[in-house]
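All ligand and atom numbering here is 1-based and tracks the order in the structure. Along the sequence shown, residues carry numbers from 1.
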Amino acid sequence: MVTIPISASTPYDVVLDNQDRWIDSVDWSRYSMLWVVTDKHVESLYGESFRSTLKLTHPHVVSSVVEAGDASKSLSQLEQLVAEGLRHGCDRETLIVAFGGGMIGDLAGFLASVYMRGVPYIQVPTTILAHDSAVGGKVAVNHPLAKNAIGSFYQPSGVYYNVTRLNTLSVQEVRSGLGELLKHAYLSRYVLESSFEDDLFLDLNENEPLDWVSWLARGIRVKQAIVETDEREQGIRAWLNFGHTFGHALESVEAYRIPHGEAVLHGMVFAFLVSGDEVRAMRLFDWMRSNDVTPIDWQPFDRYVEKMIRDKKNRHGAIRFVLLRETITVESVQLEHLQQTFEQMKGWWER
Ligand SMILES: NC(=O)c1ccc[n+]([C@@H]2O[C@H](COP(=O)([O-])OP(=O)(O)OC[C@H]3O[C@@H](n4cnc5c(N)ncnc54)[C@H](O)[C@@H]3O)[C@@H](O)[C@H]2O)c1
């Protein structure tokens, strides 16, 4: 078991384990009831057993189950959940338990931030990708015009992983989660005492299942170092956006056919090429190719530009990228250079 204490405006622990021992560390008597929010897929796999375990610690457990997929991260879903909470009798002492991947963490976390002007919540993540989304307190729902457009910063009271639940993830969801873990590996060089980029590639190439407790802990330590310095994204928290300028554009152009973490993988190859680092771009590309990462359905360059222009890092209409060289910079990049990079990357995939 690994415990990582996060120092934030309201501090909390992240616990990673091969079982649910965390349950014994929570003071459940503080809460009038527990309101588990999950999606249909996670419900079918783990809902009943998870609620039975919770019922051993608290007499009053209710639940809400939404459709799986990012379409549930919406204002209309939020309104339905508020109605369910009111019908269940959830009050201001209710603890919301976000039980699922990043979609559920964002939705239930945002619900917690607005339900009766704010109730406590914990994250019980069930995906690899959620080692990123569950830590740092960014919660949101999507607007039809933009992802995560309606949201807030609202810290959880705890983040509790039982990594045995990751065994049922599809191969595509594992790759997607690895996208954010690789991003943390690249950033580790700048925020931790030493980089774990090479170690992660070594382990990934071993073809053995990763030791998730230790690898997710390493990823979370990178996120910890960044969000503890910049909780509300006034500065270096933007570094976590590495790979996301092209990645978000790709997700949007492909109407979310490519899962978030895989889009970030493509986006990181793009960003390395923008910064002229062909060596790291090629190592990542080779890994992606040999692991069957979902290929891009290439569209004209302008379609991606239309989306990149809306990126929230942009200033004065210029498209900005997080670039990793000796130091990390957030830089405006000329369209011409972006187009050359786009053609180069497309050429690699078409070889
Ligand atoms: N708040 C943040 O800082 C932050 C950071 C990164 C991503 N995000 C958000 O996270 C979301 C993506 O997260 P995600 O990739 O976890 O997606 P997700 O929650 O949609 O889960 C992906 C799929 O895996 C299924 N699933 C979940 N746990 C499972 C398990 N143990 N076994 C089998 N299937 C399981 C889900 O039902 C779903 O179909 C996006 O909405 C993204 O915007 C937020």
Among protein heavy atoms, which lies nearest [atom], and at what distance?
atom: atom 29 (C) of ligand 1; result: L169 CD2, 3.5 Å
atom: atom 20 (O) of ligand 1; result: M103 CB, 3.5 Å
atom: atom 41 (O) of ligand 1; result: D70 OD1, 2.6 Å
atom: atom 7 (C) of ligand 1; result: L129 CD2, 3.7 Å
atom: atom 9 (C) of ligand 1; result: D106 OD2, 3.4 Å
atom: atom 24 (O) of ligand 1; result: E173 CG, 3.9 Å
atom: atom 32 (N) of ligand 1; result: T168 OG1, 2.7 Å

Are any of the N or O atoms of [X] closer than 3.5 Å to those of ligand 1?
X: R165; answer: yes
X: Y46; answer: no
X: A130; answer: no
X: D39; answer: yes
X: L166; answer: no
X: K73; answer: yes
X: T127; answer: yes

Donor-acceptor check, side chain of [X] to backbone of [Y], threshold 3.5 angstrom: yes or no?
X: N314; Y: G317; result: no
X: S72; Y: A68; result: no
X: H88; Y: L86; result: no

So, 4.0 Å and heavy atoms of K223: is ligand 1 close enough to count as a contact?
yes
For ligand 1, is there an atom lying under 4.0 Å from some heavy atom of K147?
yes
Distance only, no hydrogens: is a donor on one side chain within 3.5 Å (strictly under) of an acceptor on the other, for S170 and Q172?
no
Classify the ring geometry of W22 against F50: parallel below 30°, tilted from 30° to 60°, perpendicular beyond 60°.
tilted
Would you call the rings of Y190 and W239 parallel, tilted or perpendicular, where under 30° means parallel and over 60° means perpendicular?
perpendicular
With a 4.0 Å cut-off on N to O distance, would you call R87 and E84 a salt bridge?
no
Assess whether a salt bridge exists between K223 and E228, defined as any Lys/Arg side-chain N lying under 4.0 Å from an Asp/Glu carboxylate O.
no
Considering the options K73, H248, H143, K138, which one meets the side chain to side chain donor-acceptor pair (under 3.5 Å) requirement together with N148?
K73
